[in-house]
**Student:** 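One structure, as structure tokens, below. Some questions next.
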Amino acid sequence: MLMTMLYATGGALVLAALFLRLRTRLDLSLAKHRSLAGHARMARRVASLVPFYDYDEDRFFRSDDAPEDIAARRRAAFARLSEVWRQRFGQTIAVTREAAAGISDLQFTAAYRVPFQYSRVVRENLPTGSFLESSSGVTVTDLDGNVFYDLTGSYGVNLFGHDFYKDCIDRGAERVRDLGPVLGAYHPAVAYNVARLREISGLDEVSFHMSGTEAVMQAVRLARYHTKRSHLVRFCGAYHGWWGDVQPGIGNPSPERDTFTLADMSERTLRVLRTRRDIACVLVNPLQALHPNAAAPADSALVDSGRQAGFDRQAYTDWLKQLRTVCDERRIVLIFDEVFVGFRLAPGGAREYFGVQPDLVTYGKTLGGGLPVGVLCGRGALMKRYRADRPVDVCFARGTFNAHPYVMGAMCEFLHRLESPEIQDLYRDLDRIWNDRAHALNDRLLAADLPVRVENLSSIWTVCYTRPSRYNWMLQYYLRAEGFALSWVGTGRLIFSLNFTDADFNAVADRFVAACEAMRRDGWWWADPVSTNRSIRRRLLREMWAHRRFLNSARPALALTRRDPPSRVSPPPVRSAEHPGHPSRQVLEQVGPDQLSRDAT
Ligand SMILES: Cc1ncc(COP(=O)(O)O)c(C=O)c1O
């Protein structure tokens, strides 16, 4: 009898434990975002099934089954654009072509500016020059002397205008010249930087790193060390640098191990945080507020008009507050990764802007005053790299170039100038200014019945498309022709520096509308009235399936042959102060807003 009772109790306990495990596992599955980006392993598997194929010149213009007259219009426009490219950007393209053979990054970005099916024809006819000669104000100038409004934002670094950073670097170098590049010991600029960063972050201690990726690595390592838990939570679509643990899925050949990718702004995610015991930290990139659960928008993924974005400050603030509460309850480390948005939303970063205090915060990009940097700020207890009671249990972090005097000098300038009235002025009414600008442009796009609108998180913008089309990615070429410098993600991300004046912005808006109008005139936005984003995607799947069947019987071997050594080149000349090579505004005026239309007609 006693034995039976014992067996029954034991069985019930085992069942209860099994049920709990199942429940926890189910909660985790339910907290993943429904998209492929929410399922890293599956995404990598699906990616490995996508076969390469591309469109020949005929299909290129009719991949949406446009009638022949529309295809002819597109073909003629494409040829005109190609001629504009040849005439206007010849030198820059020639240098880029030659250099690309030895720069793997250039080969990669060139291949992924547009959806891969169109990439070869675009590369052959509209190659993008990747070299610049100079910068000034809100513009950059290429090797042919073309001046562009710079909407690349230098990956987000350029917050106050290029001249600001040139000054930071020059003045910073003067500050540290006597010491020079001595490493290990610190220049006194470090003490100033630490004091300012403590004020700005509201946190106790600071560590210096060489890039944003490394600052994030150290934040996560410390969180694991102090909590003695294994897993980090990141949100679907969020970028935190290219370290494997924060970039599971496509782009990272290793399988994810200790990372949970959960849905952003989701009650189910909060439930997972409340119930699991293996979560060391939650990593938040506040840029996701513009497109929760979606990866950084890139034109290479613009196969239809499904790109969505929209910033709701109140909703995101509420979400961060809920995260803060649950992290406090469960002793999970809350990390804000402000490498991108730090200083852009407010002088005190996202923490000030949303009014939520993280335990650790990472900065980078603009904070280096134009030089490479990563910074981690944190609560004292979390930043400790050793345990007083266990002397051999340490959390190691170093880096040869950490706190490099020249970087510290430029950062010192940056932080010092951040307090100046001119810079503080740029923050005044920041959101209103950039929201008004976005609204004004959207009003013009709507009034002209163009299928385009912009969404923004302050000065970070993305372009969305309102009617189904397979050719939205062409807009980046019309924008380039109108005098815009765009990053390799094209219309996915336009980053403004805060020194764009109203006059600058109005010129940008004129050119933007002109580019859209030219694109419409040239027939790229023709659409079958019954086509939808869904029907476009279904059709793409069918194409891929057809090519996959073919591919299985013709798999190419990996070539590991060596190439010929490159020819010798000379270093570029050193420019004197009298001939700094900065473009004048007149050149910009010469490449007027209507240039493309003139060239194109
Ligand atoms: C939010 C965020 N974290 C980390 C990184 C990585 O920084 P870095 O490119 O300096 O390594 C980036 C870069 O874009 C970023 O946007």
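Read the numbers this way: they start at 1 and go in the same order the structure lists the ligands and their atoms.
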**Student:** Polar-atom distance check: V373 versus ligand 1, any N or O pair below 3.5 Å?
**Tutor:**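 Between V373 and ligand 1, no N or O pair is found under 3.5 Å apart.
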**Student:** Within ligand 1, which atoms have a heavy atom of S211 less than 4.0 Å away?
**Tutor:**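 In order of number, 10 (O), 11 (O).
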**Student:** Looking at atom 10 (O) of ligand 1, what's its closest protein heavy atom, distance included?
**Tutor:**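 Result: G212 N, 2.9 Å.
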**Student:** Geometry only, no angles: is D337 polar-contacting ligand 1 at N/O separations under 3.5 Å?
**Tutor:**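 Checking ligand 1 against D337, an N or O pair does fall under 3.5 Å apart.
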**Student:** Holding to salt bridge (charged side-chain N to carboxylate O under 4.0 Å, His left out), I want the full list of residues that pass it with D278, two or more places apart in sequence or in another chain.
**Tutor:**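 Salt bridge (charged side-chain N to carboxylate O under 4.0 Å, His left out) check on D278 returns R276.
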**Student:** Under 3.5 Å, which donor-acceptor pairs do the side chains of residues 186-195 form with other protein atoms, sequence neighbours left out?
**Tutor:**
from	atom 1	to	atom 2	distance (Å)
H187	ND1	A189	N	2.9
H187	NE2	R175	O	3.2
N193	OD1	C412	N	3.4
N193	ND2	A189	O	3.4
N193	ND2	M408	O	3.1

**Student:** Run the salt-bridge test on R428 and D425 with the 4.0 Å N-O cut-off and return the result as yes or no.
**Tutor:**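 Looking at R428 and D425, the cut-off is met.
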**Student:** Using a strict cut-off of less than 4.0 Å between a Lys/Arg side-chain nitrogen and an Asp/Glu carboxylate oxygen, indicate whether R493 and D299 qualify as a salt bridge.
**Tutor:**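 Salt bridge: no.
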**Student:** So for Y239, does at least one of its heavy atoms come nearer than 4.0 angstrom to any atom of ligand 1?
**Tutor:**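 Heavy atoms of Y239 do come under 4.0 Å of ligand 1.
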**Student:** Below 4.0 angstrom, N of the basic side chain to O of the carboxylate: do R196 and E199 qualify?
**Tutor:**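 Looking at R196 and E199, the cut-off is met.
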**Student:** State which residue, out of D337, T259, T261, N285, fulfils the side-chain hydrogen bond (donor to acceptor under 3.5 Å, both in side chains) condition with R234.
**Tutor:**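 Going through D337, T259, T261, N285 one by one, the side-chain hydrogen bond (donor to acceptor under 3.5 Å, both in side chains) with R234 is satisfied by T261 alone.
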**Student:** Is the shortest N/O to N/O distance between T213 and ligand 1 below 3.5 Å?
**Tutor:**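 Yes - when backbone and side-chain N and O of T213 are compared with those of ligand 1, one distance drops under 3.5 Å.
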**Student:** Which of the atoms of ligand 1 are close to N285, meaning less than 4.0 Å from one of its heavy atoms?
**Tutor:**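 So the answer, numbered in order with elements, is 1 (C).
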**Student:** Checking a contact table here: which protein heavy atom is nearest atom 14 (O) of ligand 1, and how many Å away?
**Tutor:**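 Checking every protein heavy atom, the shortest distance to atom 14 (O) of ligand 1 gives K365 NZ, 2.7 Å.
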